[in-house]
Amino acid sequence: MAQLGLRDQWPVRAMQSGGVLGSLGMIGGQIAQGSTLGQVIFTVIFAIIFLAAIWLLAIGAARRSRADGTERLSEREPRRSVVIGLMMMAVVMWLAAGYGAFIAVLWQAPADAWLELAYLGIALCATGATVVMRRSRQEWLAHYRRDWPSEG
């Protein structure tokens with residue numbers, strides 16, 4: 001297995017750091033707005049599940065990126081609709097993060113700042129996931145979808 005270069009490393013790091021920021025922002029937002037203990041506990045459980053899922057996906061993406069040759073390719077074709085869906089989610093989350101920053105500056109409430117952190121984390125995570133899936137799709141297509149006349 002090869003060492004990851006910066007090209008392969010940044011989307012994985014974006015997913016991991018986005019998961020951490022998103023989880024901290026969710027929990028901090030609940031605490032800052034004076035939520036009940038039950039709401040905070042539910043948010044902590046949800047944030048831990050979210051962080052674990054993102055972290056495991058990032059570890060799998062890093063492991064796939066370190067592989068050589070056909071081991072690097074996924075077994076099935078990564079669907080174009082998944083890449084487009086992730087891209088749309090990333091755009092929407094960056095727009096929500098921009099709007100959240102505007103609200104946080106306008107209202108200057110501590111809860112808004114924490115929730116802005118969550119928006120930024122999730123946007124960063126969605127951006128990293130989009131890049132990972134797009135590269136996976138491009139690599140798969142480059143290997144399996146060659147034009148048959150050019151192979152001769």
Ignoring hydrogens and geometry beyond distance, is a side-chain donor-acceptor pair present between Arg135 and Gln138 at under 3.5 Å? no
[Y] backbone acceptor or donor facing [X] side chain under 3.5 Å:
| X | Y | value |
| --- | --- | --- |
| Thr130 | Leu86 | yes |
| Ser17 | Arg13 | yes |
| Ser136 | Val132 | no |

To the nearest 0.5 Å, how far apart are [atom1] in [X] and [atom2] in [Y]?
| X | Y | atom1 | atom2 | value |
| --- | --- | --- | --- | --- |
| Trp55 | Cys125 | CH2 | SG | 11.0 Å |
| Ile41 | Thr36 | CD1 | OG1 | 8.5 Å |
| Ser81 | Arg79 | OG | CZ | 7.5 Å |

Are [X] and [Y] grouped together when hydrophobic residues (ILVMFWY) are joined by side-chain heavy atoms under 4.5 angstrom apart?
| X | Y | result |
| --- | --- | --- |
| Met26 | Met15 | yes |
| Met133 | Ile122 | yes |
| Val92 | Leu124 | no |
| Met93 | Ile103 | no |
| Ile54 | Met89 | yes |

I want to check something: taking the side chain as every heavy atom from C-beta on, are Phe42 and Gln30 in contact at a cut-off of under 4.5 Å? no
Expected list for residues 106-119: side-chain donor-acceptor pairs under 3.5 angstrom, two or more places apart:
from	atom 1	to	atom 2	distance (Å)
Glu116	OE1	Ala101	N	2.9

Sequence neighbours excluded, which residues qualify as ring-ring contact (aromatic ring centres under 6.0 Å, His included) partners of Trp140? Tyr144
Can you see which heavy atom on Ser23 is nearest to which on Leu51, and at what distance? OG-CB, 3.5 Å
Please report the shortest heavy-atom distance between Val12 and Ala58, naming the atom on each side.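 That would be CG1-O, 3.5 Å.
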Between Glu139 and Arg134, is there a side-chain N and carboxylate O pair less than 4.0 Å apart?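 Not counted as a salt bridge, because no side-chain N and carboxylate O are separated by less than 4.0 Å.
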Aromatic rings Phe102 and Tyr99: how do their planes relate, parallel, tilted or perpendicular, breaks at 30° and 60°?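 Judged by the thresholds at 30° and 60°, the geometry between Phe102 and Tyr99 is tilted.
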